[in-house]
There are 2 protein chains.
Amino acid sequence: MVKKVKARSVPFSQTRARHANETAEDYVEAVMELIAELGECRVLDLARYFNVSHVTVSRIVKRLHDENLLHTMPYKPVELTVEGLKLAKRVKDRHLVVLAFLMELGVDKTNAEIDSEGIEHHVGSKTLAAMKKFLKK
Amino acid sequence: MVKKVKARSVPFSQTRARHANETAEDYVEAVMELIAELGECRVLDLARYFNVSHVTVSRIVKRLHDENLLHTMPYKPVELTVEGLKLAKRVKDRHLVVLAFLMELGVDKTNAEIDSEGIEHHVGSKTLAAMKKFLKK
DNA sequence: CATGATCCGTAGCCATTGCTACATTTAAAA
DNA sequence: TTTTAAATGTAGCAATGGCTACGGATCATG
Ligand SMILES: [Mn+2]
Ligand SMILES: [Mn+2]
Ligand SMILES: [Mn+2]
Ligand SMILES: [Mn+2]
């Protein structure tokens with residue numbers, strides 16, 4: 001008789017899929033925010049924002065341009081496509097819910113900001129709804 | 001007058017650091033669990049568990065061996081070092097808290113299992129404490 | 001004890017995201 | 001207008017974690 005292991009592979013597959021979207025989500029949100037704050041979004045603004053080199057940003061911006069999330073021309077500011085803006089709004093809304101939820105739970109702002117930056121990408125629609133419900137009470 | 005952007009780089013740096021630990025955390029937890037359930041933990045057990053190829057597992061096991069988290073000899077089952085067991089216990093405890101928390105919040109078990117698999121790695125000590133407190137009430 | 005199935009390791013590919021060093025473009029100052 | 005500083009791009013390296021293909025080791029079974 002061979003013991004069978006529970007089908008735990010689904011959560012891991014889902015987590016890997018979410019990690020694959022994480023960079024795109026953070027970047028479109030950052031571009032939207034930087035344009036709102038600075039009027040435009042330059043590669044170096046993103047590099048400072050994420051605390052990475054401008055080279056890393058430049059390459060990722062190129063990839064997200066290929067994925068139709070960002071507009072970009074050499075030496076020009078980065079902009080959002082229609083698709084990118086839609087994603088940015090959705091992601092920012094979710095991020096704000098997670099942040100508010102953690103603070104409502106009693107976590108200080110500093111730690112809520114740190115943890116929510118990672119947690120946001122792993123919050124599915126059901127969990128997001130539960131957090132919103134909690135916030136209403 | 002130049003507008004200055006808030007220091008948002010800290011959360012992103014922290015999130016990247018946590019992602020760097022994620023594989024190690026999931027693997028030691030998996031090894032502990034598979035040994036508990038099957039008596040031993042083989043490379044292929046881990047491959048099935050994570051839904052990846054045995055090659056991916058083999059390379060990662062080697063790296064975690066170099067980091068003194070796992071014991072491994074060619075063609076032998078994988079075991080935990082003292083350090084690995086300590087980490088596994090800590091990680092499993094945190095994972096269970098996150099899972100129970102999500103379910104207490106009203107998320108169904110299936111989605112709670114999926115989301116907690118990613119969220120766990122981004123839950124700092126403050127957030128973990130807040131979740132435990134919530135569960136006590 | 002032979003052998004075939006299963007398990008595991010190795011070679012080698014790709015994508016992603018970090019980095020430094022250097023080249024080029026753009027924009028500001030002299 | 002020339003010159004210099006800042007911003008951006010390019011080349012090339014490393015680590016990580018996916019994969020397939022193939023070969024060698026182990027073990028159960030005949
Ligand atoms: Mn965000
Ligand atoms: Mn984030
Ligand atoms: Mn996990
Ligand atoms: Mn994550």
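What you see below is based on every heavy atom in this structure, not just the backbone, and it leaves out hydrogens, waters and symmetry mates. Just so you know, these numbers come straight off a predicted model, no measurement behind them.
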Please list, chain by chain and in numerical order, all residues satisfying side chain to side chain contact (heavy atoms under 4.5 Å, CB included) with [X], sequence neighbours excluded.
X	result
B:Lys89	B:Met32, B:Leu85
B:Asn21	B:Glu25
A:Ala112	A:Leu99, A:Leu102, A:Met103, A:Val107
B:Ile35	B:Val31, B:Cys41

Taking [atom1] from [X] and [atom2] from [N], how many angstroms apart are they, rounded to a whole number?
X	N	atom1	atom2	answer
B:Arg18	D:dT16	CZ	C1'	20 Å
B:Asn21	D:dT16	CG	C1'	13 Å
A:Tyr49	D:dA7	OH	P	19 Å
A:Glu22	C:dT17	CD	P	10 Å
A:Phe50	C:dC19	CZ	C1'	18 Å
B:Lys62	D:dA15	NZ	C1'	15 Å
B:Leu38	C:dC7	CG	C1'	15 Å

Got a list of protein N/O to nucleotides 1-3 of chain C N/O distances below 3.5 Å?
none

Problem set entry | From D:dT8, C:dC19, D:dG17, nucleotide with atom closest to A:Leu44 side chain |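 The listed nucleotide nearest to A:Leu44's side chain is D:dT8.
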Exercise. Among C:dG9, C:dG18, D:dT16, which is the nearest nucleotide to the side chain of B:Val43?
Worked result: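 Closest nucleotide among those given: C:dG9.
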For this session: Before accepting this row, confirm whether a basic side-chain N of the pair B:Glu113/A:Arg8 lies closer than 4.0 Å to the acidic partner's carboxylate O.
Result: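 Judged by the 4.0 Å cut-off on N to carboxylate O distance, B:Glu113 and A:Arg8 do not form a salt bridge.
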Exercise. Would you say the side-chain atoms of A:Thr127 pair up with the backbone N or O of A:Gly124, donor to acceptor, closer than 3.5 Å?
Worked result: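 Checked: no pair found.
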Problem set entry | Sugar-phosphate or base contact per nucleotide [nucleotides 21-29 of chain D; S, B, -; heavy atom under 4.0 Å] | B--BSS---
Exercise. Does anything in residues 65-78 of chain A pair up under salt bridge (charged side-chain N to carboxylate O under 4.0 Å, His left out), and if so which pairs, sequence neighbours excluded?
Worked result: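 Residue pairs passing salt bridge (charged side-chain N to carboxylate O under 4.0 Å, His left out), neighbours aside: A:Arg63-A:Glu67.
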Problem set entry | All pairs passing salt bridge (charged side-chain N to carboxylate O under 4.0 Å, His left out) where residues 14-23 of chain B contributes a residue, at least two apart |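 Sorted pair list: A:Asp115-B:Arg18.
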For this session: Establish whether the base of D:dG18 is bridged to the side chain of B:Arg59 by a donor-acceptor pair shorter than 3.5 Å.
Result: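 By the distance-only test, yes, there is a pair.
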[N] OP1/OP2 closer than 4.0 Å to side-chain N/O of [X]:
X	N	answer
A:Ser58	D:dG9	yes
B:Ser53	D:dT20	no
A:Thr23	C:dT16	no

Problem set entry | Listed partners of A:Glu29 passing side chain to side chain donor-acceptor pair (under 3.5 Å), at least two apart |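 Listed in chain order: A:His95.
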